[in-house]
Amino acid sequence: MTELAPPSPDAMAVVRAQNLGLTFPTNDGDVIALSDVNLTINKGEFVSFIGPSGCGKTTFLRTIADLEQPTSGTLTVNGTTPSDARLNRAYGYVFQAPALYPWRTIAQNVALPLEIMALTDKAERIARTLELVNLTGFENKYPWQLSGGMQQRASIARALSFDADLLLMDEPFGALDEIVRDHLNSELLKLWARTRKTIAFVTHSIPEAVYLSTKIVVMSPRPGRVTDIIESDLPAERPLDIRETPEFLRLAARVRDGLRAGHSYEE
Amino acid sequence: MSRLQTVLAALAAAVSLVGLVLALLAGDAPLPVLCTLLAGSLTAVRLRFAWSIWADGAVMVLSAVAILMALPAYDSEPLFFWLALVACWAFAWLFVERLSQAIRQRQVSGKIFGLIIPLIFGLALLFIWEVVTRGANVPQVLLPAPSQIWARLIDSVPTLVADFQQTFLKAVLAGYAMGCGAGFIVAIIVDRSPFLKRGLLPIGNFVSALPIIGIAPIMVMWFGFDWQSKAAVVVAMTFFPMLINTVAGLNQSSSIERDLMRTYAAGYSQTLLKLRLPAAAPFIFNALKINSTLALIGAIVAEFFGTPIVGMGFRISTEVGKLNIDLVWAEIAVAAVAGSVFYGVIALIERAVTFWHPSVRGGRA
């Protein structure tokens with residue numbers, strides 16, 4: 001059927017990388033952060049990037065966000081260059097740390113992108129996104145009055161507030177404990193189901209990647225490259241105990257194999 | 001009681017007892033001093049019975065009053081008088097020591113008790129100053145007694161007010177505003193342009209290294225004898241601390257915070273106003289606080305190099321020549337109070353503006 005009525009490939013592709021490479025010059029010689037990455041992220045997908053540190057997963061996310069410049073290959077975001085996409089405010093970015101401004105209340109922090117982009121109906125957007133991340137009632141608290149998990153939820157609300165269709169998340173739950181992380185993972189899945197956003201999610205936790213994703217990209221270091229792309233066949237509805245099912249464990253095993261294959265034990 | 005408290009209590013009682021014996025032998029000791037020495041000796045009963053903090057405080061106050069009453073009685077004070085002073089000081093120390101221990105152990109609570117300790121410290125200092133200068137007949141040129149300074153201050157209110165207006169309200173405030181403002185603006189320009197950073201920062205450094213007594217006469221040549229030349233000296237003194245602090249403060253935001261602004265495609269001025277300036281606020285306030293005291297020093301010293309016949313620095317330099325040391329001290333007192341209040345006001349504004357900073361809210365970073 002796709003043969004008959006092929007949608008233009010870029011119509012579905014939110015992110016398309018072709019032979020993408022990125023080399024950092026350092027004093028000890030060049031470091032190849034990304035090498036020959038070919039990847040397409042389609043609209044509405046939840047794509048996880050998993051791999052050991054130094055595999056370039058964060059660098060790839062930052063390249064999509066136009067925070068790093070590729071040195072070879074092509075990368076398009078929404079069919080345009082990453083720079084134009086950034087200027088069009090095409091994505092919301094959630095960093096490893098909440099990075100909430102301590103002189104602003106939670107509501108004011110969520111309002112920050114709205115002020116910069118001069119968007120209207122601020123109050124409605126703040127209320128809606130804080131409700132999405134279950135932070136209603138904390139509008140007037142300062143970030144340092146909240147726990148780490150709540151701060152990270154506030155930073156997700158901030159990334160959602162201006163309704164970008166693409167959400168880039170760089171190990172957002174990496175610093176949180178297991179219980180909070182489980183909770184936020186299932187919250188994130190519900191949020192994704194409700195908002196139908198495209199999400200690119202960097203993690204180094206295999207269960208997290210398998211639980212959340214529709215597509216898992218396994219990467220390996222030195223040089224940073226993609227070693228496996230796994231389409232998940234898990235149902236859309238995923239309660240937390242899906243992690244004990246054979247399907248889940250099979251996917252997790254495949255991810256683990258991919259990680260092992262890409263890892264050299266010489267060092 | 002701690003060891004220090006025991007030593008202090010023993011010292012206070014022993015000195016009182018020796019003083020009492022000497023006073024009785026002298027025969028002509030004033031009654032209040034005799035009473036207070038007796039009371040001091042009697043505190044030795046604390047060896048057997050509990051002796052409350054407040055009883056120590058009462059002995060301290062009684063002996064201070066008695067000593068002040070006895071001050072004019074002699075041309076040169078006898079030994080028992082000085083022993084009474086030492087005993088009074090020991091009681092004051094003991095009282096403060098016991099009170100601070102009680103506060104630590106939460107036997108007493110409330111902010112008032114916390115204020116008593118520095119208050120007693122300040123008063124004790126003034127008291128000893130007063131008693132030593134008057135009791136030992138220290139020449140007024142060397143060190144006038146606080147009471148003399150106070151009397152002179154009350155007598156010379158119109159002069160002091162005129163000097164304060166000239167030096168503080170005109171030279172200091174104008175120079176402070178201009179110097180801090182210029183330092184702030186240049187810091188933002190320098191931050192924007194690496195080229196200017198290399199050019200302007202060394203010049204700022206150079207200006208700050210100029211000796212104030214070198215530039216003050218030149219400023220008088222340029223801007224005349226009135227407050228404008230003093231304000232110019234203050235500008236030269238306050239400019240550089242503001243410049244380097246603001247430049248350092250503007251680099252305080254973390255890379256994640258700046259990346260965040262970049263993901264919003266925020267412009268330079270938006271990033272400056274919404275991120276970098278708020279993050280720089282603790283540094284900017286540091287400069288404002290440093291400059292609040294520098295400005296007053298600069299203006300007073302600058303007045304040594306030519307001024308109309310009014311101003312705090314002018315008054316100090318001329319009255320020293322006339323040996324009116326008490327008026328000099330009165331000016332110093334006015335300058336100290338003005339400088340402290342200025343600093344305090346800036347510090348209060350800082351607390352309100354940088355309420356979020358860990359150093360203000362008392363939390364983790």
Side-chain angles (χ1 to χ4, degrees), chain A residues 58 61-62 64-69 77 82-105 108-119 141-148 151-152 155 158-159 161-162 164 166-172 175, chain B residues 184 187-188 191-192 194 245-246 248-289 346-365:
Chain A
T58 292
L61 206 66
R62 290 176 62 84
I64 298 171
D66 190 36
L67 297 174
E68 307 284 354
Q69 311 306 321
V77 179
S83 173
D84 285 341
R86 178 174 67 83
L87 294 175
N88 289 332
R89 280 113 183 198
Y91 64 84
Y93 200 108
V94 180
F95 291 88
Q96 278 165 328
L100 300 166
Y101 294 176
W103 50 87
R104 284 172 170 257
T105 62
Q108 288 167 340
N109 266 293
V110 175
L112 177 72
L114 309 177
E115 290 169 19
I116 288 169
M117 300 172 191
L119 296 178
K141 293 278 185 207
Y142 284 94
W144 28 273
Q145 295 170 320
L146 302 187
S147 68
Q151 289 184 24
Q152 196 55 279
S155 87
R158 184 179 57 185
S161 65
F162 52 100
L166 175 60
L167 196 57
L168 306 175
M169 307 179 85
D170 182 9
E171 292 188 45
Chain B
F184 180 75
I188 289 182
D191 173 77
R192 187 81 207 256
N245 270 289
T246 308
L250 286 173
N251 291 322
Q252 276 305 293
S253 53
S254 69
S255 58
I256 285 192
E257 287 170 331
R258 269 173 279 143
D259 278 349
L260 183 72
M261 281 303 202
R262 197 172 145 79
T263 68
Y264 298 149
Y268 167 80
S269 56
Q270 285 174 321
T271 308
L272 185 70
L273 286 176
K274 291 189 190 296
L275 169 62
R276 299 177 66 214
L277 279 181
F283 278 71
I284 294 169
F285 273 102
N286 255 344
L288 288 174
K289 287 196 290 189
I346 303 281
L348 278 180
I349 300 172
E350 178 189 27
R351 286 187 73 85
V353 173
T354 64
F355 64 95
W356 50 271
H357 196 260
S359 69
V360 176
R361 65 182 155 89
R364 290 169 296 119

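Since we're looking at a predicted model, the values are computed, not measured. Just so we're on the same page: letters track the sequence lines, and every chain starts at 1. No hydrogens, no waters, no symmetry mates; every other heavy atom, side chains included, goes into these values.
One finds the CG atom of A:Leu112 at 6.5 Å from the CG atom of B:Leu260 (value rounded to the nearest 0.5 Å).
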Could you please show the donor-acceptor pairs under 3.5 angstrom between chain B and chain A, with distances rounded to 0.1 Å?
from: B:Glu257; atom 1: O; to: A:Tyr101; atom 2: OH; distance (Å): 3.1
from: B:Asp259; atom 1: OD2; to: A:Arg62; atom 2: NH1; distance (Å): 2.9
from: B:Asp259; atom 1: OD2; to: A:Arg62; atom 2: NH2; distance (Å): 3.1
from: B:Arg262; atom 1: O; to: A:Arg86; atom 2: NH1; distance (Å): 3.0
from: B:Arg262; atom 1: NE; to: A:Asp66; atom 2: O; distance (Å): 3.4
from: B:Arg262; atom 1: NH2; to: A:Asp66; atom 2: O; distance (Å): 2.8
from: B:Tyr264; atom 1: O; to: A:Arg89; atom 2: NE; distance (Å): 2.8
from: B:Tyr264; atom 1: O; to: A:Arg89; atom 2: NH2; distance (Å): 3.2
from: B:Tyr264; atom 1: OH; to: A:Arg158; atom 2: NE; distance (Å): 3.4
from: B:Ala265; atom 1: O; to: A:Arg89; atom 2: NH2; distance (Å): 3.2
from: B:Gln270; atom 1: NE2; to: A:Ile116; atom 2: O; distance (Å): 3.0
from: B:Lys274; atom 1: NZ; to: A:Glu115; atom 2: OE1; distance (Å): 2.9

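Looking at B:Ala281, neither its backbone nor its side chain comes within 4.5 Å of chain A, counting heavy atoms on both sides.
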